[in-house]
J.: 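What follows is a structure written as structure tokens; I'll ask about it next.
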Protein chains: 2
Amino acid sequence: MNHGIAIGKVSEASGVKVPTIRYYEQIGLLPAPPRTDGGRRTYDGKDTERLTFIRHSRELGFDIDEIKTLLELQDSPDQSCEQADGIAKAHLVEVRKKIASLTALQHELERMVEGCSHGRVETCRVIEILADHGKCRYHGET
Amino acid sequence: MNHGIAIGKVSEASGVKVPTIRYYEQIGLLPAPPRTDGGRRTYDGKDTERLTFIRHSRELGFDIDEIKTLLELQDSPDQSCEQADGIAKAHLVEVRKKIASLTALQHELERMVEGCSHGRVETCRVIEILADHGKCRYHGET
DNA sequence: GCTTGCTCCTATAGCGGCTAGAGCATGTAG
DNA sequence: CTACATGCTCTAGCCGCTATAGGAGCAAGC
């Protein structure tokens, strides 16, 4: 009888790399699964789902702590989804901020690159703007 | 006679924190300055400029290796600025990619949040999409 | 001179989220 | 039975800092 999915299979099915799965177990994001007599981890379908949830959440930029909360919420379906909503909304705000900041950064880089004389470093717009903060229009965060 | 600027002053002038300055020295981004008899670092105007250059470059998202190259270029003004140009251009490409990815992410998050019934977790769109990758339209990187 | 209190010093460890490598044990196909 | 893939643990490394501990230096006021 072959009960339980090996870590490699669960990795393939979920898209989470093997060492990352072990890391998630270590930090308590994924429960420690039962082991075979030989000491190998054996997973089931629930674990695969959980890992897929985690991977997807990470792709969407949620950090581990947020994912922990989201997973706990998923486990109690009768609770209000206010908290999940809140996490997503807060994250959306952060993403919008980052886009705004990166867009300003993009414009500044364009200005640098376009203004470049393609000559000697002495007259290079790129170096010039980096050296003199006053010549730069970007004052945000990356 | 008080020759040399103390690390605190250079920090204030450049906007780079004191431990970060020491860190930059450690990794060879900033040359080790002379010391007082008591063993304190003494900087000059050039160092302040260099640190400002570094800070500004970091704000624009360049990594330490790129900054090393840019600083070397700045020190040899007669060279062609092709390389500086290249670094800036490559970085611009990365920034544009990131913006595109974050914009897709933003839309997906909006869809999640807007679709939320604000009821129980069981019917929560946020949790639902995270659990089922197929329901998500975002398939990029953050 | 002496004390107060600020700045500075080194050295080490930690952050997040993994990833890589060493050196073994186990499971499986031919 | 043997080869080889896959698994195991443990440790260290990545980036760019930041924080903490435990001291030493130095200027100003008394």
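Everything quoted here is computed from the prediction, not taken from an experiment. Within every chain, numbering begins at 1; the chains are lettered A, B, ... in the order of the sequence lines, protein sequences first and strands thereafter.
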J.: Rounded to whole angstroms, how far apart are CD1 on A:I54 and C1' on C:dG17?
T.: 13 Å

J.: Can you give one letter per nucleotide of nucleotides 10-18 of chain D, going 5' to 3': B for a protein heavy atom under 4.0 Å from the base, S for sugar-phosphate only, - for none?
T.: ------BBS

J.: For B:R22 and C:dA13, what is the distance between atoms CZ and P respectively, to the nearest whole Å?
T.: 18 Å

J.: Sequence neighbours excluded, which residues qualify as salt bridge (charged side-chain N to carboxylate O under 4.0 Å, His left out) partners of B:E12?
T.: none

J.: Distance check needed: D:dG7 P versus A:I5 CD1, whole Å only.
T.: 12 Å

J.: Produce the list of close N/O pairs, under 3.5 Å, pairing protein atoms with atoms of nucleotides 2-5 of chain D; give distances to one decimal.
T.:
none

J.: Under the rule for side chain to side chain contact (heavy atoms under 4.5 Å, CB included), what residues qualify as partners of A:A131, not counting sequence neighbours?
T.: B:F53, B:Q74

J.: Send over the distance from A:L30 CG to C:dC18 P, rounded to a whole Å.
T.: 13 Å

J.: Tell me which pairs pass ring pair (Phe, Tyr, Trp, His ring centres under 6.0 Å) where either residue lies in residues 65-109 of chain B, with sequence neighbours left out.
T.: B:F62-B:H91

J.: Look at the side-chain N and O atoms of B:T36 and state whether any lies under 4.0 Å from the OP1 or OP2 oxygen of D:dC26.
T.: yes

J.: Among all residues two or more places apart in sequence or in another chain, which pass the side chain to side chain contact (heavy atoms under 4.5 Å, CB included) test with A:D132?
T.: A:K135

J.: Could I get the full list of side chain to side chain contact (heavy atoms under 4.5 Å, CB included) partners for B:D75, not counting sequence neighbours?
T.: B:R50

J.: If I take atom CD1 in residue B:I21 and atom P in nucleotide C:dT7, what distance separates them, rounded to the nearest angstrom?
T.: 14 Å

J.: B:R35 CZ to D:dC26 P: how many Å, rounded?
T.: 12 Å

J.: In whole Å, I'd like the distance from the NZ atom of A:K68 to the P atom of C:dG17.
T.: 10 Å

J.: Tell me the interatomic distance from A:I67, atom CD1, to C:dC18, atom C1', rounded to whole angstroms.
T.: 13 Å

J.: Before you tell me yes or no, could you show the steps for A:R22 and A:E25 under salt bridge (Lys or Arg N to Asp or Glu O under 4.0 Å), namely the whole-Å CA-CA distance, both residues' side-chain angles and the distance that decides it to 0.1 Å?
T.: CA-CA 5 Å; A:R22 291 196 279 245; A:E25 182 184 323; over 6 Å; no

J.: Heavy atoms only, 4.0 Å cut-off, all strands: where does B:R41 land among base, sugar-phosphate and nothing?
T.: sugar-phosphate

J.: Any ion pair linking B:E72 and B:K68 (charged N to carboxylate O, less than 4.0 Å)?
T.: no

J.: Output all residues satisfying side chain to side chain contact (heavy atoms under 4.5 Å, CB included) with B:V93, sequence neighbours left out; order by chain, then residue number.
T.: B:K97

J.: Holding to salt bridge (charged side-chain N to carboxylate O under 4.0 Å, His left out), I want the full list of residues that pass it with A:D47, two or more places apart in sequence or in another chain.
T.: none

